[in-house]
Amino acid sequence: MMTENNDSEKNTEAFAYTPGLKVKRLMTVSKERRLPLLGDILVEEGASVSYDTIVAKTEVPGDPRLVKVSAILGIDQNEIHDFLYKKEGDKLQKGEVFGNYKAWFGLINREVTSPMDGEIESISKLTGQVIIRPEPVPVEVNAYIPGKVVGIMPREGVVVATQAAFIQGILGLGGEAHGEVRIVVDSPEDELTAERISEEDKGHILIGGSLITLEAFKRAAKIGVAGLVAGGMNYTDVTEIMGEAIGVAITGHEEIGTTLIITEGFGKMNMSTRTFDLLKSFEGYVAAINGATQIRAGVLRPEIIIPHDEKEELEKEGLSAGMTSGTPVRIIREPNFGAIGKVASLPVELMRVESGSKVRVLVVRLDDGTEVTIPRANVEIIEE
Amino acid sequence: MAKLKKAPEDMEYILVTDVGSTTTKARFFSNKSGEWRFVVAGEAPTTVEAPYEDVTMGVQNAVREIEELTGHKILAPDGSGITVPYEHGSGVDLYCTTSSAGGGLQMMVGGFIKAITAESANRAALGAGSIVMDVFAEDDGRAPYQKIRRIRSLRPDMILVAGGTDGGDTTHVIQLIELIKAADPKPRLGVSYNLPLVYAGNKDVRPQAQRLLGENFALEIVDNLRPVLEVENTEPARMAVHELFMEHVMSHAPGYPRLMKWTDVDIMPTPAGEGMSIQLIADTFKKNTIGVGLGGATTNVYSVVDSRFVRSVSANLGMSYSVSNVMKEAGLGDIMRWLPFSRDEEDIGRRLSNKMIRPTTIPQTLEELIIEHSVAREALRLGLGHHKSIATRLKGMKLGEGMDRGTFFDQELAETYIDMLTLEVIAGTGGLLSHAPDRIQSMMILTDAWQPEGVTWMFQDSVFMMPHLGVLSTVYRDAAWNIFDKDCLVRLGTNIAPKGMISQGSEVMKVSWTAPDGSEFQETVRGGEIKRIKLPEGVEVDALVEPAHGLDVGAEPGKSLEAKVIGGIGGVILDGRGRPIQLPDEAEARRTLLREWFAVLEMYPAEMIGKLY
């Protein structure tokens, strides 16, 4: 982007950089599967794994509890060792008395008990505190996608790779899941309503068209549908599902029963034909999905990964080449929000748009043949 | 530390970049004309994220744009970075940068008493340009196990621990240290290095801090930031934060080890650079100043009141990434009260949520622009509220001795010292303000949001270079100020507004002055009225402001004030809307009034506004 005072001295390149969401029929998808702390790797490089294969595990230390022993017993901090039955490293059970102060021939008798099962990590003469650490919590990481282990990060995790169709959504709710893909609408314009969901959809990933209704989500969660994917959702419905208005888009941890992914945006938005057709062509395949989204530092988009073994030429996953004449784009802001077209031209001059701003623009030829001029910032490339 | 390749007085070209979370902004300066001036800007997407994961790519792209625009070669031909110094027609004499990419500097702070040492630690961390993720204290209302759980989940870039006065109680400070050790927090950028921790508490606890924390943290011990209750000494802690930021945090961020080699001075967090610019304004004009950086993700507010500099950051108030959070915190109703047209909540909620998920889009239509301007007012209002909670008098100071109750302290009395009537300058920066199609829009957004009182000069950043000039001022103040004055600081004008409740239609104030050409100006303002008086940039007049009975313009209620008024692109705004501004409750009456105000102020094209219902 250039500033206005540079109008007269612009480069003439008809090129722009606007990253888009990936919608790919076949590519190598690699996923890092990391432990939260260092631990053990359970698979070897080259091993074949499935969705549920445990690839690494570790033990996360439990949340320790601080017990203010000197205050409870009414003793001086540096005398703490004199009134404890236990020492550092000793095990304790919840409710177990591990210290005692008696005076006045037993008339004063104060005890200190352990608030949890655990082990004494430290006893401080400086503060009179005892830190009790519970048993560690085992944590396992699964492969998430079926494929081959192509890399090992010693003690941290593994990299699993597979050949798959790969589709990024714009926003998701809920975490990782997998299930068989089922198309429940006839076209990308159709809404994914509750009536389109039946008991037989349990464990499936259902593909809708333009909108996931609130009732559809409720029914899906009740039945145990693994995931719902469609073009959009209403803002107020997302608020109701989350229990509060969405603030900053960092999602994936919601425990809502069914993972949700929208591919276009908020409101009723037709799923792009390309995305819809691609998903439709893989009906009956098992897909791994993840609603986790982070739109800030470390951009993370929700994803649908459908492993398959079609023999096609692999699409290269390179860096986006940028936008030139003919590049397919999607308009991502009012007016014409959601419209698909191809870049007709990339005028060099800054142009004044209705808001009064002078910005770099491009001309998009929409699928119906009409041409619209819009700010370059308001389109994204459809990566093919 | 600075390792300049040329003495400042011998320099001819300077390049400064800001690696933002979305965009890397390069600014090119020269003194070829005999004085330091801004030449040209180049911008490119920041490349901190996958698949690039190397910020230097974005820096090179932004610099390449400057090269294309000027024909001046800056990048080393072998791809090794920036050519320094300028020789044989290529290169620059100084390169420095600020950075907020990858979420900036994220800190956790702790102290013993929430309102005393923890609050001072918070101010120190904010002053160093960080985002404070949480503030811990003995009396923060959480059980120790809850604090431990929270600390473990945070994954900060750095921790600042204060607590106790020098020579005071040590036990509670050691308890805090033991708690942090037990929680064993891990750094955000990986598990392979020690988390930096600055200890700035009671000096008697230093040996225990060293023993308990020295092994598992990159520990830096500095002077106590509250050596006695009456003194807050944040400078040593702030400097230690900057050093550790470079040494331990930046060195683990994608591409930064390389970028650090390119720069002639340490990389500075963007808000720290921005804060220096606001201080530069306050120092130069010798006026109490409040400034804001309204960004996409965060809103930073800086105040300099009676020479005391305080910064607050509202990490989740912003115009793109955080726009939904503004909607959540302010409520859709408060955003929509600034709209001169009727829309339903689902429509506005949908539009703003879509902006959040596609944060780099810009308003194409006037309708969309006005919606964003409404959000901006609320983000600024919330940001100021947050700032007031940080900019408080030092709490815990001994006020005196009670007759029979011993010493008493002022914790209950503490309040902010931010008073719009004593603030004389407002300055704004950030994408929305800098890119507003008409400067009067940003002037009124700031006015409506912060509601300045009395006589207030208003400025804004021209093309977003306050962070750049802030970092430049650390090595070459004269050049920084010249560019700041000539090319960065846009004079919006002056706002004159009496403080107090007004009655619609009754006289609020008279304002008069003699213009430089000798002509007399006099205007009477009535309740509910707002007037825009054209007074060009560069013109200053001595005005007499005569408020009506009970209203205050800075010289006590009802008393006249003589004050210097500066002209600007927006001119002089005579604001009789009262403080606080009174908007009608009835929706259509409110919209009609907004349309009237917008028309009088010439904020938006009148014929377009008329079509938006």
Side-chain angles (χ1 to χ4, degrees), chain A residues 1-6 9-11 17 19 37-38 61 63-66 77 121-122 124 126-129 131 133 156 170-171 234-236 238-239 244-249 265-267 293 295-299 317 319 332-335 337 353-359 374-375 377-378 380, chain B residues 21 23 40-45 48-49 51-52 65 68-70 101-103 144-145 148-149 152 170-171 174-175 178-179 182-184 186 191 208 297 316 321-322 324-325 327-328 346 349-351 353-354 356-366 368-369 435 437-438 463 604-605 608:
Chain A
M1 195 191 301
M2 262 175 292
T3 51
E4 276 190 38
N5 45 356
N6 306 327
E9 334 164 63
K10 245 171 292 3
N11 74 67
Y17 170 96
L37 290 174
L38 298 181
D63 293 337
R65 295 285 284 263
L66 273 60
Q77 293 140 358
E121 183 171 279
S122 75
S124 173
L126 296 168
T127 59
Q129 288 190 137
I131 296 172
R133 177 84 64 177
E156 281 193 63
I170 191 78
L171 184 83
N234 284 326
Y235 162 72
T236 42
V238 171
T239 304
E244 58 176 348
I246 191 165
V248 179
F266 284 88
T293 310
I295 310 171
R296 290 185 85 131
V299 179
E317 207 217 338
L319 303 183
I332 54 175
R333 179 117 190 201
E334 312 284 353
F337 189 7
V353 293
E354 186 201 298
S355 68
S357 295
K358 279 181 88 178
V359 295
I374 53 172
N378 291 355
E380 66 187 10
Chain B
S21 50
T23 311
V40 80
E43 303 194 352
V48 71
E49 317 292 357
Y52 311 98
E65 193 163 271
E68 287 165 359
L69 291 165
T70 60
Y145 78 90
I148 285 171
R149 190 171 292 165
R152 291 179 68 179
T170 58
T171 307
I174 299 171
Q175 279 178 353
E178 285 181 350
L179 184 133
D184 193 21
K186 298 293 177 211
V191 290
Q208 289 85 357
N316 291 326
Y321 297 99
S322 304
S324 285
N325 203 56
M327 181 162 64
K328 184 177 175 180
E346 176 71 39
R350 176 184 60 81
R351 287 172 193 251
S353 303
N354 279 324
M356 171 193 64
I357 55 178
R358 291 188 166 101
T360 55
T361 60
I362 59 176
Q364 178 179 355
T365 63
L366 187 62
E368 292 264 303
L369 182 77
H435 293 148
D438 193 324
V463 288
Y604 305 102
M608 299 286 294

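Every value quoted in this text rests on a predicted model; they were computed, and no experiment measured them. Values reported hereafter were calculated over all heavy atoms of this structure, with side chains retained and with hydrogens, waters and symmetry mates removed.
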*asked:* I'd like to know if the side chain of A/Asn378 and the backbone of B/Ile362 have a donor-acceptor N/O pair within less than 3.5 Å.
replied: yes
Heaviest contributor of heavy-atom pairs below 4.5 Å to chain B, chosen from A/Arg65, A/Arg133, A/Glu244, is A/Arg65
Of the listed B/Thr170, B/Ile174, B/Thr365, B/Asp184, the one with the largest count of heavy-atom pairs under 4.5 Å with chain A is B/Thr365
Most contact-rich option vs chain A, by heavy-atom pairs under 4.5 angstrom, among B/Asn325, B/Leu179, B/Thr23, is B/Asn325
Is the side chain of A/Glu354 donor-acceptor paired with the backbone N or O of B/Leu366 at a distance under 3.5 Å, no angle test?
yes
Among B/Glu368, B/Gln364, B/Lys328, the residue with the most heavy-atom pairs under 4.5 Å to chain A is B/Gln364
Across all chains, not counting sequence neighbours, the salt bridge (Lys or Arg N to Asp or Glu O under 4.0 Å) partners of A/Asp63 are B/Arg149, B/Arg152
Bottom line for B/Leu369: the part with an atom under 4.5 Å from chain A's heavy atoms is side chain
When the 4.5 angstrom heavy-atom criterion is applied to B/Pro359 and chain A, the contacting part is side chain
Most contact-rich option vs chain A, by heavy-atom pairs under 4.5 angstrom, among B/Ala183, B/Gly349, B/Pro144, is B/Gly349
Under 4.5 Å to a heavy atom of chain A? For B/Ile148 that would be side chain
Checked A/Ile131, A/Leu126, A/Val353 vs chain B; the most non-hydrogen pairs under 4.5 Å come from A/Leu126
Interface check, chain B: of A/Gly267, A/Ser122, A/Pro375, most non-hydrogen pairs under 4.5 Å belong to A/Pro375
Closest heavy-atom pair, B/Met356 versus B/Ser324, reported as atoms and distance to 0.1 Å, is SD-OG, 3.3 Å
